[in-house]
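Everything below concerns the one structure shown next.
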Amino acid sequence: MTYPVTFEITHVCRQSGARTGILHTPHGDVETPMFMPVGTQATVKFISPEELYEMGAGVVLANTYHLWLRPGEEVLAKAGGVQKFMNYKGPMLTDSGGFQVFSLADSRRITEEGVTFKNNLNGDRLFLSPEKSIHIQNKIGADIMMSFDECIPYPATREYAEKSMLRTLRWAERGKAANERPDEQAIFGIVQGGDNEDLRHYCAEKLVEMDFAGYAVGGTSVGEDKETMYRMVRWSQEKLPLDKPRYLMGVGAVNDLLEAVSLNIDMCDCVLPTRIARHGTLMTSQGRIAIKKAMYKEDFTPLDPECDCYTCRNYTKAYLNHLCRTNEGFGTRLMSIHNIRFLLHLMEEVRKAIKEDRYDDFKRETLARMKFDERGF
RNA sequence: GCGGCUAUGGUGAAGUUGGUUAACACACUGGAUUGUGGCUCCAGCACUCUAGGGUUCGAGUCCCUAUAGUCGCC
């Protein structure tokens with residue numbers, strides 16, 4: 001069937017097989033591969049939605065769990081949806097809340113019906129099911145909704161990974177049937193299965209039978225090593241149709257992004273750039289900069305001479321060093337802007353390289369040039 | 001000039017009746033950070049208690065002197 005969010009492949013790199021595309025959404029078209037900034041509480045911390053849009057952010061994430069607790073889905077519905085609420089002009093995507101159930105709620109109980117857990121703010125008993133997650137996401141109103149899944153830890157036994165994946169599949173079906181606004185909001189299914197080739201294949205095949213607007217790779221970035229993650233991504237996408245967008249959840253390190261593109265991933269999101277920025281770590285074309293270090297105290301050069309962001313165009317490392325040491329909010333803001341723009345720019349370069357059929361070269365040269373450590377930042 | 005009080009790391013300071021490894025905080029120096037915990041987390045950081053001397057098995061803790069601050073009186 002047709003969905004409100006569709007995907008169009010614009011070029012396949014003759015050197016690498018990586019692809020560029022356009023994601024068509026009710027809130028505009030965006031080019032892929034892309035990096036999506038995370039704005040959990042309907043804000044990418046310290047950056048205005050207008051600035052994000054001007055920076056070329058494309059899709060921005062919000063989070064079902066957090067918005068459900070505050071301000072509540074009804075407030076967002078009354079506001080006319082999250083985009084109107086926060087004044088973001090571009091497309092948005094909501095994570096289903098599944099991840100938060102497992103990352104920050106305590107004493108959870110998973111049953112076939114859904115998950116019972118404690119509100120991390122006040123201890124209230126809460127219940128989230130696939131239907132309820134989609135219902136809330138319908139109220140939030142983002143262009144793309146995510147299926148309610150279980151993100152299992154790594155490592156996990158094969159038995160648990162299988163049991164959980166089969167349940168996630170049933171939840172995907174239930175969530176899909178619960179969509180109250182199928183003409184305005186699309187759902188992406190999430191491939192799980194842990195570190196098991198057959199389970200990843202099976203999960204992907206079953207999701208494809210259900211026919212989603214796009215597919216995500218879940219259960220990664222949960223503490224596994226790089227090789228394991230890349231393997232899980234490869235297995236997950238091997239059974240997916242080429243003409244649907246593929247979203248790798250929770251990835252934002254430079255080497256991971258570049259590898260994901262090689263594996264035909266079209267979309268990635270991550271809190272990494274904004275989180276490390278708040279703690280004074282910056283990603284630059286020259287590598288990583290921990291701006292608090294004494295060596296930057298009198299460094300009156302820009303953070304990244306090759307960067308076109310607001311921060312790099314106007315301020316020096318010495319100033320950022322000072323703002324960071326004095327714990328000034330403006331510094332946090334300037335550093336957040338830089339790291340987000342850095343990744344958006346990186347993906348612009350990625351798309352350019354793919355279109356020029358030199359992505360493998362680009363990837364190799366970029367990794368060598370940026371000198372990040374094995375973590376990729 | 002006389003009298004009182006105080007002298008512990010970069011800073012503010014804990015240090016019981018003298019008893020092994022000098023509390024804590026901030027700062028500083030490292031490190032962490034991947035479907036969001038903004039102002040976070042972890043680690044390191046005074047071989048030494050203003051300087052000399054003395055008492056004692058043992059002194060940051062007691063005594064003397066010096067020095068420096070500080071308050072009060074001339």
Side-chain angles (χ1 to χ4, degrees), chain A residues 35-47 59-67 69 93-106 120-121 133 137 142 144-154 168 188-192 215-226 228-230 232-233 236 247-257 259-260 265 267-283 288 290 292-297 321 323-336 339-340 343 372-377:
Chain A
F35 173 77
M36 309 183 288
V38 180
T40 305
Q41 309 269 18
T43 172
V44 175
K45 298 182 196 302
F46 296 94
I47 309 179
V59 178
V60 170
L61 264 70
N63 186 276
T64 302
Y65 173 84
H66 290 282
L67 294 179
L69 301 191
L93 178 153
T94 39
D95 189 18
S96 66
F99 189 78
Q100 280 62 44
V101 167
F102 305 100
S103 68
L104 46 88
D106 22 70
N120 69 303
L121 298 173
S133 173
Q137 293 189 72
I144 300 169
M145 304 186 284
M146 297 307 296
S147 187
F148 187 66
D149 67 333
E150 179 186 358
C151 180
I152 63 170
Y154 177 87
T168 286
F188 279 21
I190 304 176
V191 182
Q192 291 288 352
Y215 300 91
V217 178
T220 57
S221 312
V222 289
E224 78 282 9
D225 56 85
K226 300 278 184 193
T228 303
M229 180 172 94
Y230 299 158
M232 293 196 290
V233 173
S236 297
Y247 163 28
L248 175 56
M249 309 183 79
V251 160
V254 171
N255 53 5
D256 294 343
L257 289 170
E259 187 60 29
I265 292 296
M267 310 154 69
C268 285
D269 79 285
C270 198
V271 304
L272 188 72
T274 41
R275 178 177 291 167
I276 65 177
R278 289 196 297 275
H279 299 156
T281 301
L282 290 315
M283 295 185 274
R288 171 187 195 143
K292 267 192 192 169
K293 293 196 178 197
M295 62 188 289
Y296 299 116
K297 205 161 186 173
N321 172 277
L323 292 180
C324 202
R325 283 168 184 267
T326 49
N327 205 18
E328 286 291 339
F330 186 52
T332 310
R333 179 172 141 63
L334 290 176
M335 295 189 290
S336 298
N339 270 0
I340 287 291
L343 287 186
F372 289 115
D373 63 20
E374 57 284 354
R375 291 168 304 176
F377 64 92

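Values below: every heavy atom of this structure, side chains too, minus hydrogens, waters and symmetry copies. A quick note: this is a predicted structure, and the numbers were derived from the prediction, not measured.
Looking at heavy-atom distances under 4.0 Å, A:Ser336 makes no contact with the nucleic acid at all. Residue contacts shown for A:Gly376 are absent, as no nucleic acid heavy atom lies under 4.0 Å away. Among the atoms of the strands shown, base atoms are found under 4.0 Å from some heavy atom of A:Gln192. Within the nucleic acid shown, A:Ala294 comes within 4.0 Å of sugar-phosphate atoms alone, with no base atom in reach, counting heavy atoms only. Using a 4.0 Å heavy-atom cutoff across all strands shown, A:Ile190 reaches at least one base atom of the nucleic acid. Across all strands, A:Lys226 comes closer than 4.0 Å to base atoms (heavy-atom distances).
The separation of B:G12 from B:C57, taken at their C1' atoms, amounts to 36 Å, rounded to a whole angstrom. Distance noted for atom C1' between B:G9 and B:A14: 13 Å (whole Å). The same atom, P, is picked in B:G19 and in B:C63; the two are 15 Å apart, to the nearest Å. Annotation: B:G69 and B:U8 have their C1' atoms spaced 15 Å apart (nearest Å). Using P as the reference atom, B:G10 and B:C73 are 35 Å apart when rounded to the nearest Å.
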Dot-bracket summary - RNA chain B, pairs being Watson-Crick or G-U whose distances fall under 3.5 Å, with | when paired to another strand
((((((((.[[[..)...(....]]].(((((.......))))).....[[[[[..)....]]]]]))))))).
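The two residues A:Gly252 and A:Leu343 come nearest to each other via the heavy atoms O-CD1, 3.6 Å. Of all heavy-atom pairs spanning A:Ser133 and A:Ser96, the tightest one is OG-O, 2.9 Å. Shown here for A:Pro37 and A:Val44, the closest heavy-atom pair between the two residues is CB-CG2, 4.1 Å.
The separation between A:Phe372 atom CZ and B:U33 atom P is 14 Å, rounded to whole Å.
Under the 6.0 Å distance and 45° angle rule, A:Arg333 does not count as a cation-pi partner of A:Phe330.
With B:U36, B:U29, B:G35 as the choices, the nucleotide that has an atom nearest any side-chain atom of A:Arg325 turns out to be B:U29. Relative to the side chain of A:Asp269, the nucleotides B:U34, B:G35, B:U36 differ in distance, and B:G35 lies closest. Checking B:G35, B:G30, B:G37 against the side-chain heavy atoms of A:Lys293 singles out B:G30 as nearest.
Syn is the classification of B:G37, since its glycosidic angle stays within 90° of 0.
Checking the phosphate oxygens (OP1, OP2) of B:G31, no side-chain nitrogen or oxygen of A:Arg288 falls inside 4.0 Å. Contact between the side-chain N/O atoms of A:Arg275 and the OP1/OP2 oxygens of B:G37 is not found at any separation under 4.0 Å. Phosphate proximity of B:G35 to A:Asn63: absent, as no side-chain N or O sits under 4.0 Å from OP1 or OP2.
Residues passing the side-chain contact (heavy atoms from CB on, under 4.5 Å) test with A:Lys226, sequence neighbours excluded: A:Tyr230, A:Ala253, A:Asn255, A:Asp256.
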Give me, pair by pair, the N or O atoms of the protein and of nucleotides 38-40 of chain B that are less than 3.5 Å apart, along with how far apart they are.
from  : atom 1 : to       : atom 2 : distance (Å)
B:G38 : OP2    : A:Lys45  : NZ     : 3.0
B:G38 : O4'    : A:Arg278 : NE     : 3.2
B:G38 : O2'    : A:Arg278 : NE     : 2.9
B:C39 : O2'    : A:Asn327 : OD1    : 3.3
B:C39 : O2'    : A:Asn327 : ND2    : 2.3

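Residues A:Thr168 and A:Gln192 have side chains that never bring a donor and an acceptor to within less than 3.5 angstrom of each other.
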